[in-house]
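Worksheet: the structure to be examined is printed underneath.
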Number of protein chains: 2
Amino acid sequence: MGHAGATRRATMMDVAARAGVSQSLVSIVMRGAPGAGAQTRQRVLAVAAELGYRPDTRARLLRQNDSRMLGVVFGVQHAFHGDLVAGLYRAAGPVGHRLTLSATTPDRPERVAVDDLLGDRCAAVILLGSELPPADLSAAARIVPVVVVARAVRHEAVDVVRTAEAQGVALAVDHLVALGHRRIAHIDGGRAPGAAERRRGYRDAMRRNGLDGEVRVISGGPTEDDGARAAREVLSGGRPSAVTVFNDRCATGALQALRSSGLQVPLDISVTGYDDSRLARITFVDLTTVAQDVDRLCELAVERAMDRAAGVEITGRREQIVPPTLVVRSTTGAPVS
Amino acid sequence: MGHAGATRRATMMDVAARAGVSQSLVSIVMRGAPGAGAQTRQRVLAVAAELGYRPDTRARLLRQNDSRMLGVVFGVQHAFHGDLVAGLYRAAGPVGHRLTLSATTPDRPERVAVDDLLGDRCAAVILLGSELPPADLSAAARIVPVVVVARAVRHEAVDVVRTAEAQGVALAVDHLVALGHRRIAHIDGGRAPGAAERRRGYRDAMRRNGLDGEVRVISGGPTEDDGARAAREVLSGGRPSAVTVFNDRCATGALQALRSSGLQVPLDISVTGYDDSRLARITFVDLTTVAQDVDRLCELAVERAMDRAAGVEITGRREQIVPPTLVVRSTTGAPVS
DNA sequence: ATGAAAGCGCTAACAG
DNA sequence: CTGTTAGCGCTTTCAT
C-alpha cells in the first residue's frame, strides 16, 4: 500500500464533519487555543490523528497575515553555511519563528534563490555570505528587510552581522608572537570573501608587534590546492617559522605540502587556519585555528531580522561585529630557532 | 533608506488600483496568461515593478490546490546531501516544480524536519538518506507520497532511489584485480548507512574473482579518524597490496596514516574511496573512488515523486537502483609484488 | 479585453 | 463552551 495518490488531503472541514463539531472548534483545538471542552478536544484530536490531518501552514499564515517566518539563502555546498543554518534554526525556534530555506548551487544563482523567497512572504530574509550586486540588494531591501550574515557588504539598506575577521588573524599572530615567533608569513585567500580583511588583520597585527620588517604575504586561495601551492612558495623564499593561513582548507593543503617536503609541524614551522571547520578537528590534522561564534552570529541575525520585520526603531550601526576566538591545537608551538 | 519596516506588502489589489484595472486582470498579467491587451499588460507590469510587488506564492498555491511543490529533507551539514539538493533543483525546475527544503541538524531531528514539511502541503516529500524509524515512515506515507533517496530502506509504503552500493565496491575490486592485486582488504564503515551493503559487495567481488582466501575486513567508520585507526590495524597484520575503503573521508584518513608510516601510494599499497567527494578531487589526494550518479538519482526521485503525487499507477518495483561508476585517479596502480 | 464573484483552508472576531 | 461569519491574496469561472 502506501499513499493513496491523487486523493485530496484532509482539511479542517473533514475533521469537523467526522467529529461532529464546527470547523472553528477544530481550529481552536489544533492550535491549542483556549475555548474547547476537554472531551471535545480529545475527540477532535483523535479524529485528526485518524485522518492523518495536518493544518495547512500556508492557509494559516495567509490568514494571520503575520508570517513569523524568516527566509534564509545559503550555499548548500558550503560547509560553513551548513553550520550557520543549524545555528539559525536554534536561534529562531525559541522566539517562535520558522525558517524557510532557499539554496544557491552552481546552477542556481543567488538572485534566483532570493526571488523565490520574496514570493513566500517572509517577514525578513537572511542572506548567508551574500555576493549579490548592490542593485539586487537594493531591490530586495525595498520589498523586505534584509540581513546579511558572514559577509562585509557595505550597503545602506541592509543590516550586516559578521565576524571581526581582522581580529581573528590578529589573535593568531599574537599567539605566535607569544610563543616566540618573529618570522610569520601569511598565506592569503586571494579574492575570496573575507580575504582582504584577514590580510589587513595580519599586517596590522605584525605592525602592532613591531614586526613590520617581517611582513610577508603569499598569495593563496580558498582551496587545499591553493594552500599546497602557496606552501611550496613559502619554502622557496627563506622559510618563516610560522604561517597564518586564510582558512582551514587552505591550511590543510599547506600542511600537507610542508610535511611532504620533510618539515615537522610545529617543530620546524607553525601553522594556523581559520574557521574551525570539521577539517581542523580531525585528529591527525588537529589544526590551531580561529573559530567564528556561530551561535552569536545567528542570534544577532535573527534578532535583527525580527526587529526590522516588526518595524522596531533601530539606533546605532547597521553592522554588528562578533569577535572570534582562537582554538589552540597542535600545529603551533615555540620555534626551535 | 532601507525597508520601511512594518509596512504592509503590496497586493494585487494595490497594483490594480494604481493601474486602474481590475484585480483579475493583474492576475492574468502576472502569470502571463492570455487575455490582456498589450498596453494594459505593460502598464500593469510597470506599476508592479514600481511597487516592488511579488505575487504571494502561498495564496496562489492555496487557490490552485495543486502545489507542484516537492518537499526535501536533507542533512544541512552533510556534504553529499548538498550535492543531491543541487541535483534536485536541476531535476525539478524543468518539469515545473518548486522545492521546499527542511534541514536536519544535530538539534533538529528528521522527524521534526518532516513534520514541518507536512504542513506545507507538498505534493510529495523526498527524504535524503532517511534514518526515520518505520513507524514514522508509515505515518508520513499515509499523508503524502514519500521517496527515500540514497538509503536502502525497506518499507512497503515508500519509494526508494539509490545507488547499487555493492556494485560500487565490486568495481573497485575488479579494477584492483585487473591491475594484478590479490591481497585486497576492505576497511568498512561500521554501522554507517550503506556500510553493510558495501561490505557485502567487497566479499562477493572477492569470491567472484576466486579470492575467497584473501578476504579481510577491517572495521573502520565514516570519518578520517576511523580510517587512520583502521590503516594502522591493516599494517599490523601482514600488509595487503590494496585496500578498498568505505568512503572518501575514511580513505583520506587511511592514506594519511599509511603515508606517515613510510609507505608510498600506490607503489606499496593501492587505496580506493567511495563518493567522489570534493575531498577525493584535491590534487594531492587524487583518490581513485566510486562516484554515485547524482543527476540520475535526482531525476528518478523527482519523477517518482511527481508520479505518485499525480496518482499515476506504478508497475514494477518500488526500489530503483542506479549503477555507480569508478573514477580512476592516482591512488591505485599495479602492485610491485 | 475586462470585471464581478466565488472560494482555496484557515484564523479571529463575535454571537449565542 | 460552541457555532457563525468575514476575510487573508490569489486563481478561476462566468458575464459583459
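Proteins come first, then strands; the chains are lettered A, B, ... in the order of their sequence lines, and each starts at number 1.
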- Query: Which side-chain hydrogen bond (donor to acceptor under 3.5 Å, both in side chains) pairs, counting each pair once, include a residue from residues 35-45 of chain A, with sequence neighbours left out?
  - Reply: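 Found none.
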- Residues pairing under ring pair (Phe, Tyr, Trp, His ring centres under 6.0 Å) where one sits in residues 79-114 of chain A, two or more places apart or in two chains, turn out to be A/His78-A/His81
- With a 4.0 Å cut-off on heavy atoms, is A/Gly35 in touch with a base, just the backbone sugar-phosphate, or nothing at all? base
- Query: Could A/Glu50 and A/Arg18 be called an ion pair, given the rule that one side-chain N must be under 4.0 Å from one carboxylate O?
  - Reply: yes
- Message: Under a 4.0 Å threshold between the charged nitrogen and the carboxylate oxygen, would B/Asp14 count as salt-bridged to B/Arg9?
- Response: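 No, this pair does not count.
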- Note on the structure: With B for base contact, S for sugar-phosphate-only contact and - for none (protein heavy atoms under 4.0 Å), nucleotides 6-16 of chain C reads BBBBBBB----
Considering residues at least two apart in sequence or located in another chain, which fulfil the side chain to side chain contact (heavy atoms under 4.5 Å, CB included) criterion with [X]?
X	value
B/Asp66	B/Arg68
A/Val112	A/Arg108, A/Pro109
B/Arg151	B/Glu131, B/Val148, B/Val153, B/Pro193

- Do other residues, nucleotides or ligands put more than 12 heavy atoms under 6.0 Å from A/Arg278 CZ? no
- Just report the end-to-end axis angle for the helix from C/dA1-D/dT16 to C/dG16-D/dC1, five pairs per end, to 10 degrees.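 That helix has its two terminal axes inclined by roughly 40°.
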- Query: Earliest and latest nucleotide of DNA chain D, 5' to 3', sitting under 4.0 Å from a non-hydrogen atom of chain B?
  - Reply: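 In short, chain B contacts DNA chain D from D/dG9 to D/dT12.
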- Within residues 39-50 of chain B: residues closer than 4.0 Å to DNA chain D (heavy atoms):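 Under 4.0 Å from DNA chain D: no residue of residues 39-50 of chain B.
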Side-chain atoms of residues 29-38 of chain A: list all donor-acceptor pairs with protein atoms under 3.5 Å, sequence neighbours left out, distances to 0.1 Å.
unit_1: A/Arg31; atom_1: NE; unit_2: A/Ser27; atom_2: O; d: 3.3
unit_1: A/Arg31; atom_1: NE; unit_2: A/Ser27; atom_2: OG; d: 3.1
unit_1: A/Arg31; atom_1: NH2; unit_2: A/Ser27; atom_2: OG; d: 2.8

- Message: Quick test of your reading: applying salt bridge (Lys or Arg N to Asp or Glu O under 4.0 Å), list the pairs with at least one residue in residues 72-81 of chain A, sequence neighbours left out, ordered by first then second residue.
- Response: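 Those involving residues 72-81 of chain A do not exist here.
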- Message: Does anything in residues 92-106 of chain A form a salt bridge (Lys or Arg N to Asp or Glu O under 4.0 Å)? List the pairs, not counting sequence neighbours.
- Response: A/Arg98-B/Asp116, A/Arg98-B/Asp120
- Task: Considering non-hydrogen atoms only, spot the tightest contact between B/Ala113 and B/Ala103 and give its length.
- Result: CB-O, 3.7 Å
